[in-house]
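Notes follow once the structure below has been shown.
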Amino acid sequence: MLGRLHKAWRDAAASAVAAAIAWILAVWLFGHPHPLFAAVSAIVCLSPGLPSHGRQAVGLMLGVATGIVVGELALLPPQIMLVPEELSLLRLTLATFFSMLVAASFGQPAVVPIQAGVSAVLVLALGPENAGLTRMEDVAIGVTVGLFFSQVLLTPDPVGEIDTAADDLLRQLAKAFNEAADGLRTSDVRKAEVALRSFLTAHDALIALGAGIDAARYAARWSLRGRLAARSVADTAARYDRRAIRLYASSLLFAEALANALRKGAAPVPEGLAETIFDAAARCAVLAGTQSASASATAAVKANPPTNVEWHDTLLHLRAIFDVITSLEEIVRLRPSEPQTPAYDEGRTQN
């Protein structure tokens with residue numbers, strides 16, 4: 001719950017402030033005594049949980065305009081033709097239907113047909129003098145304020161969002177690798193199982209990274225700051241998009257293989273394996289920015305080929321982990337002067 005509150009408070013505060021500003025501007029610019037729709041529009045544009053505030057603002061304006069036009073057209077028949085109340089209700093029903101149908105044909109988010117239907121109903125219920133041009137002016141003020149907040153004042157750094165999520169994943173993996181190495185060094189099955197649970201917990205960070213990449217791509221398309229950083233967003237998203245999944249999957253398979261080998265009491269343990277796992281943890285920490293490259297440097301590690309099949313899968317998945325880590329290091333060039341191939345590869349097993 002605290003995590004959701006932390007994510008929502010900024011958008012909620014922005015919505016409240018923007019609603020007040022939109023109300024003041026509508027009164028000052030147009031003299032509307034109670035510009036309800038200006039405040040409501042600002043809130044709709046900046047509400048917490050939206051994937052794209054800019055797209056929401058554009059959709060709101062498009063839906064309101066569509067509904068007003070259809071509502072005005074529905075008022076064209078003379079009132080004398082709709083004397084029975086049932087016919088007036090039929091006009092309201094048809095205007096709502098066609099306004100939402102037209103708005104849905106635009107292929108935009110759900111806010112467009114929703115606002116189109118609401119606008120058509122308001123025009124017919126309150127009259128065009130109260131819900132036509134007047135509402136359009138209020139909505140325009142609310143959308144303008146919402147766009148200013150979302151595109152200029154409060155636009156998050158899309159590249160930073162990806163990097164933050166990726167760093168969190170790498171930090172959790174580094175912690176889990178350290179736990180796995182400690183469990184292997186002491187031949188403690190319980191510690192190996194704790195490490196396995198840590199790798200499983202890192203799945204939430206992987207999901208968050210995927211959401212961060214999606215949000216950054218949305219921002220690159222629908223926000224001013226995102227468009228200015230579109231190339232960086234594309235490069236950063238490509239860096240982590242598939243590699244993060246491969247790194248997590250290989251790490252989880254490695255942890256399961258390691259725990260299974262320790263449960264079976266497989267012996268002897270390949271020489272240098274624990275140091276190699278510590279090296280994986282250090283290199284993840286460097287990629288996450290929590291450890292300097294010089295501090296992570298280790299002596300040459302050499303894990304000899306396993307003498308039994310229990311350790312074969314462990315080393316196989318560990319090689320896949322180092323392949324991904326090396327690929328990330330080459331892209332971000334954190335340690336260009338260091339050899340990137342782990343030394344245990346010298347003793348690869350034959351498949």
Side-chain angles (χ1 to χ4, degrees), residues 8 10-76 91-155 218-219 221-224 226:
R10 192 180 73 164
D11 286 343
S15 298
V17 174
I21 293 175
W23 183 289
I24 293 171
L25 288 176
V27 172
W28 179 54
L29 293 175
F30 300 120
H32 298 168
H34 301 290
L36 174 65
F37 295 118
V40 169
S41 298
I43 294 171
V44 171
C45 292
L46 297 172
S47 174
L50 293 173
S52 171
H53 296 298
R55 193 176 186 187
Q56 179 84 348
V58 173
L60 173 62
M61 198 72 185
L62 182 60
V64 169
T66 301
I68 289 175
V69 169
V70 174
E72 294 278 4
L73 291 175
L75 289 173
L76 290 180
R91 176 174 64 179
L92 179 69
T93 302
L94 292 176
T96 304
F97 170 73
F98 283 110
S99 63
M100 297 186 72
L101 186 65
V102 171
S105 69
F106 299 149
Q108 296 298 311
V111 67
V112 179
I114 290 172
Q115 289 298 324
V118 170
S119 296
V121 170
L122 290 174
V123 167
L124 293 175
L126 303 178
E129 64 280 358
N130 294 318
L133 180 60
T134 300
R135 181 167 187 251
M136 194 67 186
E137 291 172 344
D138 284 351
V139 170
I141 290 293
V143 167
T144 301
V145 173
L147 284 173
F148 180 73
F149 269 73
S150 65
Q151 304 299 300
V152 179
L153 293 183
L154 300 177
T155 302
Y218 264 114
R221 184 177 180 184
W222 294 101
S223 74
L224 177 61

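Side chains included, hydrogens not; waters and symmetry mates left out as well; all remaining heavy atoms used.
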Validation: residues 10-17 side-chain donor-acceptor distances under 3.5 Å, sequence neighbours left out:
| residue | atom | partner | partner atom | Å |
| --- | --- | --- | --- | --- |
| R10 | NH2 | L154 | O | 3.2 |
| S15 | OG | D11 | O | 2.8 |
| S15 | OG | L46 | O | 2.9 |

(Q) With rounding to the nearest 0.5 angstrom, report the CE to CD1 distance, M136 to I68. (A) 5.5 Å
Q: Can you sort out the partners of A140 under side chain to side chain contact (heavy atoms under 4.5 Å, CB included), two or more places apart, ordered by chain and number?
A: M61
Q: Measure the shortest side-chain to side-chain distance between P35 and V27 over non-hydrogen atoms and say whether it is less than 4.5 angstrom.
A: yes
(Q) Holding to side chain to side chain contact (heavy atoms under 4.5 Å, CB included), I want the full list of residues that pass it with L73, two or more places apart in sequence or in another chain. (A) V69, L76
Q: Taking all non-hydrogen atoms of both residues into account, name the closest pair between A22 and A42 and its distance.
A: CB-CB, 4.3 Å
Q | Residues forming a side chain to side chain donor-acceptor pair (under 3.5 Å) with Q56, sequence neighbours excluded | A | none
Q: Can you measure from CD (Q108) to CG (L60) and round to the nearest 0.5 angstrom?
A: 12.5 Å
**Q.** Shortest non-hydrogen separation from I43 to A19 and the atoms involved
**A.** CG1-CB, 3.8 Å
**Q.** Distance, nearest 0.5 Å, that separates OG1 of T144 from CG of L29
**A.** 10.0 Å
Could you give the side-chain donor-acceptor pairs of residues 97-105 under 3.5 Å, partners two or more places apart or in another chain?
| residue | atom | partner | partner atom | Å |
| --- | --- | --- | --- | --- |
| S99 | OG | A95 | O | 3.0 |
| S99 | OG | T96 | O | 2.9 |
| S99 | OG | A116 | O | 3.4 |
| S105 | OG | V102 | O | 2.5 |

Q) How would you list all residue pairs meeting ring pair (Phe, Tyr, Trp, His ring centres under 6.0 Å) that involve residues 11-31, not counting sequence neighbours? A) F30-H32
Q. Do F148 and I21 have side chains that get closer than 4.5 Å, going by heavy atoms?
A. no
Q. Could you give the distance from CG (L94) to CG (L124), rounded to the nearest 0.5 Å?
A. 10.0 Å
Q) If you look at every heavy atom in D138 and L36, which pair is closest and at what distance? A) OD2-N, 4.3 Å
Q. Nearest heavy-atom pair of A110 and P113: which atoms, and what distance?
A. O-CD, 3.2 Å
Q. Hey, what do you get for SG (C45) to CG (L147), rounding to the nearest 0.5 Å?
A. 6.0 Å
